[in-house]
Amino acid sequence: MGITTFEELLEKQKKEASGQRLEMLGRDLSGTKKLVETVLLPTLKTLDGIILEHEIVSQSGVRIYIDAMYPPLLAAFESDGFVAHGENLTRDKFSFERMRVRTITVGGFRYVPYSNDELDKRAEACRRTVYELLGRYGSVPGSKLSKLPVYEREILRFGMTLNDSFSLAQASECLLLSQRSTSQTLHRMVEKQLLIPTGTGGIRYHGYFLSGMAISYFQ
């Protein structure tokens, strides 16, 4: 069974850490705990693969630490309070924060920050961001999504990036397949109730929406 509590994750990583990272793991991590319990665990279903206080080094040699790194998505999740990063923000701290974001980006990671207020008041919207990342860039190993045929997975990921229906031509461009081959995939997905067709019925449709069942593959 995987790791399912913040306390278990923290203790495991303390045993594996050393130096400054170990010191960082010993500080007040209440904001990170809220991030993990409110957003990451409900969406990923496990904390396996999460790295707390992940260390990266800037071009100038400064070590910076990311609250919670999730390598399968190359995502750097952070939780910040307004007082710590707003009211007490000096010019030097502002410049340092911009350097941190650049370092994270240059390192090839996707920077995903949340405020503590968002985690408290708009938790579902925060979780939606992770679902969208999963839709665009991958799925949790062993999840329902990972068990679908590759073309069907890509169509679901593509659909999750849109706020509207998509056409056969758009799906064909996404899969880099002919429209005939793409149409066969889409019709199989309609039969599985993963897609809801729009337009005329029969074998010709104007567009497709993801069904509720399809969206559940990301939850």
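Only heavy atoms go into these numbers, but all of them, side chains included; no hydrogens, no water, no symmetry mates. This one's a predicted model, so the numbers in the text were calculated from it and none came from an experiment.
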Glu16 bridged to Lys12 by N-O distance under 4.0 Å: yes

Heavy-atom check, side chain of Lys33 versus side chain of Glu7, under 4.5 Å: yes

task: Check Glu154 against Leu175 and note the closest heavy-atom contact, atom names and distance.
output: CB-CD2, 3.7 Å

- prompt: For the atom pair CG (Leu25) and OG (Ser18), what is the distance rounded to the nearest 0.5 Å?
  reply: 10.0 Å

task: Report the C-alpha separation of Thr103 and Phe109 in whole Å, then their side-chain angles, then the decisive distance to 0.1 Å, and conclude whether the side-chain contact (heavy atoms from CB on, under 4.5 Å) test is met.
output: CA-CA 9 Å; Thr103 300; Phe109 299 109; over 6 Å; no

Distance-only donor-acceptor check, side chains Asp117 and Ser115, under 3.5 Å: no

query: Looking only at heavy atoms, which two atoms of Thr182 and Ser172 are closest? And how far apart?
result: OG1-CA, 3.4 Å

message: Do Asn116 and Ser79 have side chains that approach each other closer than 4.5 Å (heavy atoms only, starting at C-beta)?
response: yes

query: Can you check whether Leu195 reaches Phe166 side chain to side chain, under 4.5 Å on heavy atoms?
result: yes

- request: Answer yes or no: is there a donor N or O on one side and an acceptor on the other, between the side chain of Glu37 and the main chain of Lys34, under 3.5 Å?
  value: no

Whether over 12 other heavy atoms sit under 6.0 Å from Gln184 CD: yes

message: Under a 3.5 Å cutoff, is there a donor and acceptor pairing between the side chains of Arg188 and Thr185?
response: yes

- prompt: Relative to each other, are the rings of Tyr114 and Phe77 parallel, tilted or perpendicular (30° and 60° limits)?
  reply: parallel

message: As a quick check of understanding, evaluate side-chain contact (heavy atoms from CB on, under 4.5 Å) for Met69 and Leu52, giving each step before the final call.
response: CA-CA 6 Å; Met69 176 68 70; Leu52 301 177; over 6 Å; no

query: Shortest non-hydrogen contact from Tyr208 to Thr198?
result: N-OG1, 4.2 Å

task: Take Glu124 and Arg127 through the salt bridge (charged side-chain N to carboxylate O under 4.0 Å, His left out) test and state the conclusion after the steps.
output: CA-CA 5 Å; Glu124 184 56 42; Arg127 289 190 286 268; 3.1 Å; yes

query: When you look at Thr105 and Val101, which way does the side-chain contact (heavy atoms from CB on, under 4.5 Å) test go after all the steps?
result: CA-CA 6 Å; Thr105 303; Val101 175; 4.2 Å; yes

- prompt: Any side-chain heavy-atom pair from Val130 and Tyr70 closer than 4.5 angstrom?
  reply: no

query: For the hydrophobic clusters of this structure (ILVMFWY residues joined by side-chain heavy atoms under 4.5 Å, transitively), does one cluster hold both Met213 and Phe158?
result: yes

Pairwise distance OG1(Thr4) to CG(Leu9) - rounded to 0.5 angstrom: 10.5 Å

- prompt: Which residues pass the side-chain hydrogen bond (donor to acceptor under 3.5 Å, both in side chains) test with Ser178, sequence neighbours left out?
  reply: Ser181

- prompt: Are Leu194 and Val150 joined in one hydrophobic group, where the rule is that I, L, V, M, F, W and Y side chains link up if heavy atoms are under 4.5 Å apart?
  reply: yes

Pairwise side-chain contact, Phe209 with Ser211, heavy-atom cut-off 4.5 Å (strictly under): no

query: Is Leu22 reachable from Leu10 through a run of hydrophobic residues whose side-chain heavy atoms are each under 4.5 Å from the next?
result: no

query: What is the distance from atom CG of Asp48 to atom CD1 of Ile3, rounded to the nearest 0.5 Å?
result: 5.0 Å

message: Taking OH in Tyr151 as the centre, count heavy atoms belonging to other residues, nucleotides or ligands within less than 6.0 Å. Is the count above 12?
response: no

field: Glu53 vs Asp67 side-chain heavy atoms within contact, under 4.5 Å
entry: yes

- line: Tightest non-hydrogen contact, residues Leu168 and Ser183, listed as CD1-N, 3.7 Å

field: Atom pair CG/OG1 of Leu47 and Thr5 - distance to nearest 0.5 Å
entry: 7.0 Å

message: Pair Glu118, Val39 - check side-chain contact (heavy atoms from CB on, under 4.5 Å), show working.
response: CA-CA 11 Å; Glu118 287 179 303; Val39 176; over 6 Å; no

query: What distance do Leu156 atom CG and Leu134 atom CG have between them, rounded to the nearest 0.5 Å?
result: 12.5 Å

- prompt: For Arg180, does the CZ atom sit with more than 12 other heavy atoms under 6.0 Å from it, leaving out its own atoms?
  reply: no

message: Would you say NZ of Lys192 has more than 12 non-hydrogen atoms from neighbouring residues, nucleotides or ligands within 6.0 angstrom?
response: yes

Test log, rule salt bridge (charged side-chain N to carboxylate O under 4.0 Å, His left out), inputs Glu132 and Arg128: CA-CA 6 Å; Glu132 290 178 359; Arg128 181 68 183 179; 3.7 Å; yes

- prompt: Is the shortest distance from a Lys or Arg side-chain nitrogen in Glu55 or Arg63 to a carboxylate oxygen in the other one below 4.0 Å?
  reply: yes

task: Compare every heavy atom of Ala123 with every heavy atom of Leu119, then report the nearest pair and how far apart it is.
output: O-CB, 3.6 Å

field: Single-linkage hydrophobic cluster, 4.5 Å side-chain cutoff, Val106 and Met99 together
entry: no

task: Give the cluster check for Ile66 versus Val57: same hydrophobic cluster or not, with ILVMFWY residues linked at side-chain heavy-atom distances below 4.5 Å.
output: no

field: Inter-residue atom distance Leu40.CG - Ile50.CD1, 0.5 Å rounding
entry: 4.5 Å

message: Starting from Tyr65 and following side-chain heavy-atom contacts under 4.5 Å between hydrophobic residues (I, L, V, M, F, W, Y), which residues can be reached?
response: Met24

